[in-house]
Amino acid sequence: MVILKSMKKIRKMFKLNFKKVILVLFLSFLLITPVPTKAQSTEIHKMTIYTTLKDNGDAHIKEIWQMDVHEGTEVYKVMKKMKDKKIQNLKVSDEKGTQYENIGAWDVDASREEKRNKCGLVKDGDSYELCFGIGDYGQRTYTFEYDVTHFVEQFENDQGFNFAFFSQLKLDIDEVKITIESPTHKFNKNNSSIFAYGYEGYVVFNNGRVVMGNDTPLENGSNKMQILMRINNGTFSNLSKTNRTFDDILEEANEGSDYDDEDGVTLFEVLFIVFVVVIGFAIIIIGIAIYHYLHKTKEYFESGEEFKAPKDVNMFRDIPCNGDLLRFYALARKIGLVQDIDQGGLIGAILLKWVKDGYVVFEKRKEKRMIFFNKDGFSIDLSGEILTDSIYEERLLNYLKRAAGSNIALETGEFEKWCSNHYSSIESWFTSIENNERKIMKQKRDMWGEKATRKFLCFTGQCRNIIYSYKVKEEIEQIVGFKLFLEEMSSIDEKEVMEVKLWEDYLIFASVLGLADKVEKQLGNLYPQFVDESNIDIFYTSMMIRNFSNRGIHAAHAAHAAESGDGGSSSFGGGGSSFSGGGGGGVR
């Protein structure tokens, strides 16, 4: 079974790039560097789905697809196994504000021009297809809204739903964010439970809503985002009833299932793969090596200087990046001030911030080791309200709660153990932060790409240059200067007075750089009353946080290095077969 799945993955990889593989082989035989001719592909860059639950259990769903379209006549989305659920009130508009005409029954065989600015439904038993015309090709943004009746069901002992927003969509998807909310009810861990399936990412409670999102791009045909949600009885009224309990559905979902793969692996494809791997391996390696040599990505600032950490900078005594902790981390990471093994500093910084704001307390306690020896330990009560500043803090909080278990009190060693068992979850958390900051920089025009042609002997290729704004250069100089300041804090005039808040910020940002211990030492010398004026206890709490965070990251990296499989993946697998909702779709 494992071998078959691996062969299917390999086949899909080559199927998606079949022409490119043949081109590379042919040109490599001729010792000619392949010239990049990236074909225009139809894909979704960002999918945003807003789901509003009505008091009668119906749902209003609004989907926004930001995509590139270069083929086909229509976009369609399949909704399978809807049972007594109905799709109603379909509305579609595009980025120009054009409101599409709902023509009711949809003709799949109509021409692209006949489908332009129109939408409709195809119904087959208890399945639906939501369809609308593509219109012009290029970068498009489609917004479509519809109602789903009986979305929330009445189980024997609870209320809830088991719904896939999409499954096996025939498009690559870079980013997905799904929000589920009710105008009259706030969802939280006290009145609801949430379980997600089919993707690598997160699902969390956030300010009374449920938020789902992916950490890694979702591939054509194998993508799926499904949620099983339990809601306390009495929350919604007049619901469709089922004779199953929520626990029955949860047990089935957690067992997981294999999804149908309509495409088999043919003998020709197997032989072709063997040929490419065995016969063409050396040639492909040569071709790729030459290609990459001629297509290096170089990074510069607007000033023309090469992107790297500056060596000669002045001390910077303010908080860099205007106090944006995640941007500070991402830039410090990019210039090499934060290595993989030091990433726990960011977790420590966020925990210090929560301690400073009074949301969490590290309760000191003695723990027995062997028979006669005691060791300092801690417990963190996570049951109270913790206001987070970003979805990434919310996800970290969710990880900590999962590590804490049913008592929601995180104790010594629990996070370390969780990181060891779920190393890819914590690693993808860091990666998604860096990717998001990169995306923000593009949106704010702090970085952009340019292409310049270069020649090498008989080869012609293009070198991609990434250009960063002067603002980024200035922020990097601030970060390097700030690090220098922290390392030389002993030179501070003993008579100089600093506010508690500034010292707290120094501790938080120093944690990212692994220099919190230096700030603690200077605090003890220059501001001994700090422990009486701040929630942060530098003689215990900050030290325990540093130990706690670093041990967790070390455990994650050790587990990753020791295990070659998918152990600890943050993918939400399984999902069972009882869900309603997405079951295919794309462009045709």
Side-chain angles (χ1 to χ4, degrees), residues 5-21 23-24 36-49 63-80 94-95 129-132 134-144 164-178 196-202 212-226 259-263 265 269 424 428 431-432 434-436 438-439 442-443 449 464 566 569-573 575 581-588:
K5 288 184 177 180
S6 299
M7 291 297 291
K8 289 177 180 177
K9 289 182 179 178
I10 295 173
R11 176 194 54 75
K12 288 180 180 178
M13 177 182 71
F14 279 98
K15 184 178 180 180
L16 289 172
N17 298 279
F18 191 86
K19 293 181 179 179
K20 291 185 179 180
V21 170
L23 180 62
V24 170
T37 55
K38 182 178 180 181
Q40 292 178 313
S41 60
T42 296
E43 59 186 350
I44 299 175
H45 295 300
K46 184 175 183 180
M47 179 190 294
T48 307
I49 302 178
E63 303 196 24
I64 304 172
W65 291 16
Q66 297 171 240
M67 56 190 302
D68 282 340
V69 188
H70 301 287
E71 59 184 330
T73 63
E74 67 178 65
V75 176
Y76 73 106
K77 178 175 181 177
V78 180
M79 310 289 278
K80 289 185 176 181
D94 60 22
E95 72 281 354
E129 290 184 6
L130 289 69
C131 309
F132 54 88
I134 286 173
D136 296 329
Y137 292 151
Q139 293 185 348
R140 304 300 308 274
T141 298
Y142 300 107
T143 300
F144 55 106
F165 287 95
F166 58 84
S167 175
Q168 296 179 322
L169 204 64
K170 302 299 182 183
L171 292 169
D172 288 339
I173 311 173
D174 291 335
E175 179 183 357
V176 182
K177 183 176 180 181
I178 301 173
Y197 304 94
Y199 65 100
E200 184 173 340
Y202 60 91
M212 304 168 61
N214 64 315
D215 286 336
T216 58
L218 302 169
E219 295 182 357
N220 174 343
S222 61
N223 49 44
K224 177 182 177 183
M225 290 189 74
Q226 173 189 341
Y259 303 116
D260 293 333
D261 190 339
E262 298 176 355
D263 300 320
V265 180
E269 289 174 329
S424 60
S428 66
T431 301
S432 60
E434 294 174 47
N435 290 342
N436 185 63
R438 183 180 179 87
K439 184 185 303 182
K442 286 184 178 179
Q443 292 171 348
R464 182 169 176 80
D566 293 330
S569 172
S570 61
S571 296
F572 298 112
V587 168
R588 62 187 174 194

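These numbers come from a predicted model, not from an experiment.
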Provide the closest heavy-atom pair for [X] versus [Y] in the form atom of the first, atom of the second, distance.
X: Asp94; Y: Tyr142; answer: CB-CD2, 4.3 Å
X: Ser424; Y: Glu200; answer: O-OE2, 4.2 Å
X: Glu74; Y: Cys131; answer: OE2-SG, 3.8 Å

Is [Y] close to [X] at the side-chain level, that is, under 4.5 Å between some pair of heavy atoms?
X: Phe165; Y: Val176; result: no
X: Leu171; Y: Phe166; result: no
X: Lys224; Y: Gln168; result: no
X: Met47; Y: Leu218; result: no
X: Tyr137; Y: Thr42; result: no
X: Val75; Y: Arg140; result: no
X: Asp215; Y: Tyr202; result: yes

Counting heavy atoms not belonging to Glu219, are there more than 12 under 6.0 Å from its CD?
no
Fit a plane to each ring of Phe144 and Phe132, take the angle between them on a 0 to 90° scale, and name the class: parallel (under 30°), tilted (30 to 60°) or perpendicular (over 60°).
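Tilted: the ring planes of Phe144 and Phe132 meet at 30° to 60°.
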Using side chain to side chain donor-acceptor pair (under 3.5 Å) as the criterion, list what pairs up with Arg438, not counting sequence neighbours.
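With sequence neighbours excluded, Arg438 shows a side chain to side chain donor-acceptor pair (under 3.5 Å) to no residue whatsoever.
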Residues which pass side chain to side chain donor-acceptor pair (under 3.5 Å) with Gln139, listed by chain and number, not counting sequence neighbours
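Checked Gln139 against side chain to side chain donor-acceptor pair (under 3.5 Å); zero matches.
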Measuring from [X]:[atom1] to [Y]:[atom2], what's the distance to the nearest 0.5 Å?
X: Lys170; Y: Ser222; atom1: NZ; atom2: OG; value: 9.0 Å
X: Lys77; Y: Glu129; atom1: NZ; atom2: CD; value: 12.5 Å
X: Ile64; Y: Ile44; atom1: CD1; atom2: CD1; value: 12.5 Å
X: Met212; Y: Tyr197; atom1: CE; atom2: OH; value: 10.5 Å
X: Glu63; Y: Leu130; atom1: CD; atom2: CG; value: 8.0 Å
X: Lys46; Y: Glu175; atom1: NZ; atom2: CD; value: 5.0 Å

Within the distance-only criterion (no hydrogens, no angle test), does the side chain of [X] pair as donor or acceptor with the backbone N or O of [Y] below 3.5 angstrom?
X: Glu95; Y: Thr141; answer: yes
X: Asp172; Y: Glu43; answer: no
X: Asn214; Y: Asp174; answer: yes

